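Read the structure below first, then the notes.
Model, not experiment: these values are computed from the prediction.
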Amino acid sequence: MSHIPKQKSGAQSNPLFALGKERLELIGKHADALMQGYLDGQINESAFSEQALQKLLDSRVLDYPDEQTLRLRPIVNELIASLTQDERKRQINSDVGEHLDQIHTRVQSLQAARQKGDYAASEHHLQLLTERVNDMTGQFGDAIESLWHRLNTEFGFVSSLDDKILEIELAQRQLRRILDGFGIINFDDLIQLAGSDGSLRKLLVSQLQARISEHSGSLLEVQKRLVLLMSRFRQQQDKALLINRMSAFLRQHPNFQVGDYPNRSQVPAVVNQAHGISAQAFIALDRAEDSYALAELARAVPREQEQGSNSEKQTEGFSMALQSLVATEQKQLAKDVEDFFIHVIESPEALSGVDYLAEKELPWEPEMWLFQIVAEYQGLPEQNKQSFMLEKDSAPKSRFNQLYIIQDVTVGMRFFGDFQAAG
């Protein structure tokens, strides 16, 4: 017994040693049920007591991937496959692309077995396909849980701020790899792969999409926490850097004293950057003793009454001239519209208001011209109005309201046959 090292008692006192030993003993205690679950693809809950089942769940040996079926954790499943050299279940590559390739191959084998009518082989392929999908989603869950472990545990063992920021950068790179893994999964291809098979669509589309959405939500919370910690550590790093540089400056200049810069008349040019303040004086209306002096100053202010009366006369004359000009233009516009209606009566075809305006080179805006034509038509007596046809070429201003903009107006004579049809 002399070859046993003396450090054994110290190792046994390590909490990690005790925790690992406890969980290994737990796995060994329920080895029969766990191995049977490995072979069957799912665990029989009745093989455990309620207390033992809870211990296995807390120890990360068992898991509910779809909240209904109890299964081994992917890492435990891989451990048993590695120990037993079971190439059928051992994961050679944990990459997402490798999982997707295995899923495509397994679906093809399942469909081929169903076409041959081999139901036993199809059930076996379906079980392996379910395990492959659960392994892929379980690896995502383990990766996200390791991120939480990094945030909640590993930062406590890092002493300096630089190391904490480095840990966050490593966590961000790990988060980016998980997001890239999410991007590889193409649900359109999986929908086409499942086809009209209800069980495959439930496994490859519904359940997988629900798990990926759940993992995406957890990953979003991790990302928020990372951003919050990074900003907090950056602020602490800036403050620590300022203090360290100030300490180094004080060590180089031990006799340095901080001056009272606000009360100094001569300040360095680098500090004295503000412009001079010009003092402003205001009348103190709350001083009753100065009211007489203020009244005298107000009476002494000169007033320009004549200039004000002249300006009013000039404004009145300008307004009268403007009104006269507007009235003249309105009369000319009405005359041009009357000429347009006369030209419509003489023409055998209907006339466009915009084309007539361009042909006669009239100086009116198209909008004003069309508005006057419509107003003139609406102002005709009912007996005369029935002799004309007026069509509006309008277009909606926006698809969010019912406002229509009139772009052109076509006016023509309504002949006797049209009149009878209209009657």
Taking the side chain as every heavy atom from C-beta outward, state whether [X] and [Y] have any pair of such atoms under 4.5 Å apart.
X: Leu110; Y: Leu128; answer: no
X: Asp355; Y: Glu359; answer: no
X: Val205; Y: Leu200; answer: no
X: Trp369; Y: Val354; answer: no

Original post:
Side chains of Gln332 and Asp336: do they bring a donor and an acceptor to under 3.5 Å?
Top reply: yes

Original post:
Gln111 and His125: side-chain donor and acceptor closer than 3.5 Å?
Top reply: no

When the side chains of residues 226-235 are checked against the rest of the protein, which donor-acceptor pairs come out under 3.5 Å, sequence neighbours left out?
unit_1: Ser231; atom_1: OG; unit_2: Val227; atom_2: O; d: 3.2
unit_1: Ser231; atom_1: OG; unit_2: Leu228; atom_2: O; d: 2.8
unit_1: Arg234; atom_1: NH1; unit_2: Gln237; atom_2: OE1; d: 3.1

Subject >> salt bridge (Lys or Arg N to Asp or Glu O under 4.0 Å) pairs, two or more places apart, involving residues 367-395 >> reply: Glu382-Lys385

Sequence neighbours excluded and cut-off under 3.5 Å, please list the side-chain donor-acceptor pairs for residues 173-194, or say none.
unit_1: Gln174; atom_1: NE2; unit_2: Ser146; atom_2: OG; d: 2.9
unit_1: Asn186; atom_1: OD1; unit_2: Asp188; atom_2: N; d: 3.1
unit_1: Asn186; atom_1: ND2; unit_2: Asp189; atom_2: OD2; d: 3.2

Subject >> Check: Val61 main-chain N/O paired with Ser59 side-chain donor or acceptor under 3.5 Å >> reply: no

Original post:
Taking 4.0 angstrom as the limit, do Arg71 and Glu131 come out as a salt bridge?
Top reply: no

**OP:** Name all residues meeting the side chain to side chain contact (heavy atoms under 4.5 Å, CB included) criterion together with Leu19; count only those two or more places apart in sequence or in a different chain, and write none if there are none.
**Re:** Glu22, Arg23

Subject >> For Asn44, all residues meeting side chain to side chain donor-acceptor pair (under 3.5 Å), sequence neighbours excluded >> reply: Ser46

Subject >> Residue list, side chain to side chain donor-acceptor pair (under 3.5 Å) with Ser199, at least two apart or on another chain >> reply: Asp197

